[in-house]
Each structure stands twice: as structure tokens, then as C-alpha cells.
Amino acid sequence: MILSDSEEIIKIIETLFEAGVTKDLGKLGDIHLNDPRFSSFSDLPPYDLKDYKTTLELEELRFVSISDYSYKIKNPKISIFGDTAVVAMELDQEGMLVDNKAYTGKHMSVSGRVTFVLVRQPTWKIAHIHLSRIN
């Protein structure tokens, strides 16, 4: 089955968040653009602009520390400009933040806005991520 560009793009974004559900973190490196031009901003500290390596490390750390993780993508708008795509969407995330040292957990529920920039090289890859909370 051949996917449209929009279907392929949303599948890549779902792969990112599914890594939090399944804890299959090996796929994260495949969907991000491994290039010095990659960048990301997050709503979690540190708030500086991050590169590919730092982004992957923080994503893995975040997903490992959240059990019962779930997410919901809402109102995605995918705009494709040749070999570049911009995706703007709302995102709800829930789970249990686990402190393995203290054997405690704290429920988290976060609503946010997310912008992705993807480039086709030759498959779609995430080139930039910007996450911001709205609650």
C-alpha cells in the first residue's frame, strides 16, 4: 500500500509518540533528521535550542520515566511545500511520572501545541520540533 505524503507524515509523528507507549526507543533515531541542521525546543527544561543527539537523549529519558503513557493528536494541519512539510497540532499526553529511586509516581496530564517541520531526504524526517504547554 502506498501512503500519501500526509499519511506518511502523520505516521512518522505517531511513531515518535508511540515510542512512549511501547518503549521501543530504537525507532526514534530513524524518524529524526541526523544532521547539524536539526533543532528542537521543548516545554521542559533545559529550554535552549537542542541538536539531534541531545533531543534523542531527552526523548528517551522522558519516555522511559513515564509509565502508562498515552497521547492524543488533535486537529493536525499538514502543509506541504515541495520537500518540506509543516505540521501544527494540539497534543494531549497522560501517564505516570515514575521516580525509580523513591518508588513513587505522580500522574501527569499535559495539553500542548506542537509544530513539526519535516523534510523529504528521500523519506520524510523530522527536522524541527517545538512543543509548548497550554495548561
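Here the structure is a predicted model, which is why all the values come from computation and not from measurement. The residues of the chain are indexed from 1 along the displayed sequence.
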Does [X] use its side chain to pair, donor to acceptor, with the backbone of [Y] at less than 3.5 Å?
X: Lys50; Y: Asp48; result: yes
X: Lys23; Y: Phe63; result: yes
X: Tyr52; Y: Gly29; result: yes

Roughly how far apart are [X] [atom1] and [Y] [atom2], rounded to 0.5 Å?
X: Ile73; Y: Leu91; atom1: CD1; atom2: CG; value: 6.5 Å
X: Glu59; Y: His32; atom1: CD; atom2: NE2; value: 3.5 Å
X: Glu90; Y: Asn75; atom1: CD; atom2: CG; value: 4.5 Å
X: Ser111; Y: Glu94; atom1: OG; atom2: CD; value: 8.5 Å
X: Ile129; Y: Ile13; atom1: CD1; atom2: CD1; value: 9.0 Å
X: Lys53; Y: Phe38; atom1: NZ; atom2: CZ; value: 13.5 Å

Stepwise side chain to side chain contact (heavy atoms under 4.5 Å, CB included) test for Arg133 and Leu44: CA-CA 9 Å; Arg133 291 177 194 228; Leu44 296 172; 2.9 Å; yes
Check whether [X] and [Y] end up in the same hydrophobic cluster, where Ile, Leu, Val, Met, Phe, Trp and Tyr are linked by side-chain heavy atoms less than 4.5 Å apart.
X: Ile31; Y: Ile9; value: yes
X: Leu97; Y: Val64; value: yes
X: Val98; Y: Leu58; value: no
X: Phe41; Y: Leu61; value: no

side-chain contact (heavy atoms from CB on, under 4.5 Å) partners for Lys72, two or more places apart: Lys74, Asp92
Quick one: side-chain contact (heavy atoms from CB on, under 4.5 Å) partners of Arg113, sequence neighbours excluded? Ser132, Ile134
For [X] against [Y], the heavy-atom pair lying closest together:
X: Ser70; Y: Val21; result: CA-CG2, 4.5 Å
X: Ala19; Y: Leu25; result: O-CD2, 3.8 Å
X: Gly95; Y: Ile66; result: CA-CG2, 3.8 Å

Any pair counted as side-chain hydrogen bond (donor to acceptor under 3.5 Å, both in side chains), so long as it reaches residues 7-17, sequence neighbours left out: Ser4-Glu7
Kindly write out the residues that satisfy ring pair (Phe, Tyr, Trp, His ring centres under 6.0 Å) with His128, not counting sequence neighbours, or none if the list is empty. none
Step-by-step side chain to side chain contact (heavy atoms under 4.5 Å, CB included) determination, Ile12 to Phe116: CA-CA 11 Å; Ile12 288 165; Phe116 289 94; over 6 Å; no
Please list all pairs meeting ring pair (Phe, Tyr, Trp, His ring centres under 6.0 Å) that have one or both residues in residues 1-25, counting only residues at least two apart or in different chains. Phe17-Tyr71
Would you check if Pro76 and Ile10 make a side-chain contact, meaning some heavy-atom pair closer than 4.5 Å? yes
Start with the C-alpha gap between Val87 and Thr115, add the side-chain angles, then the distance that decides, and say whether side chain to side chain contact (heavy atoms under 4.5 Å, CB included) holds. CA-CA 6 Å; Val87 180; Thr115 304; over 6 Å; no
With Ser40, which of Asp51, Thr55, Thr54 fulfils side chain to side chain donor-acceptor pair (under 3.5 Å)? Thr55
With the threshold set at 4.0 Å, does a side-chain nitrogen-carboxylate oxygen contact exist between Asp35 and Arg37? yes
Which donor-acceptor pairs under 3.5 Å do side chains of residues 117-127 form with protein atoms, sequence neighbours excluded?
residue, atom, partner, partner atom, Å
Arg120, NE, Asp83, OD1, 2.9
Arg120, NH1, Asp5, OD1, 2.9
Arg120, NH1, Asp5, OD2, 3.1
Arg120, NH2, Gly82, O, 3.0
Arg120, NH2, Asp83, OD1, 3.3
Trp124, NE1, Asp5, OD1, 3.2
Lys125, NZ, Asp30, O, 2.6

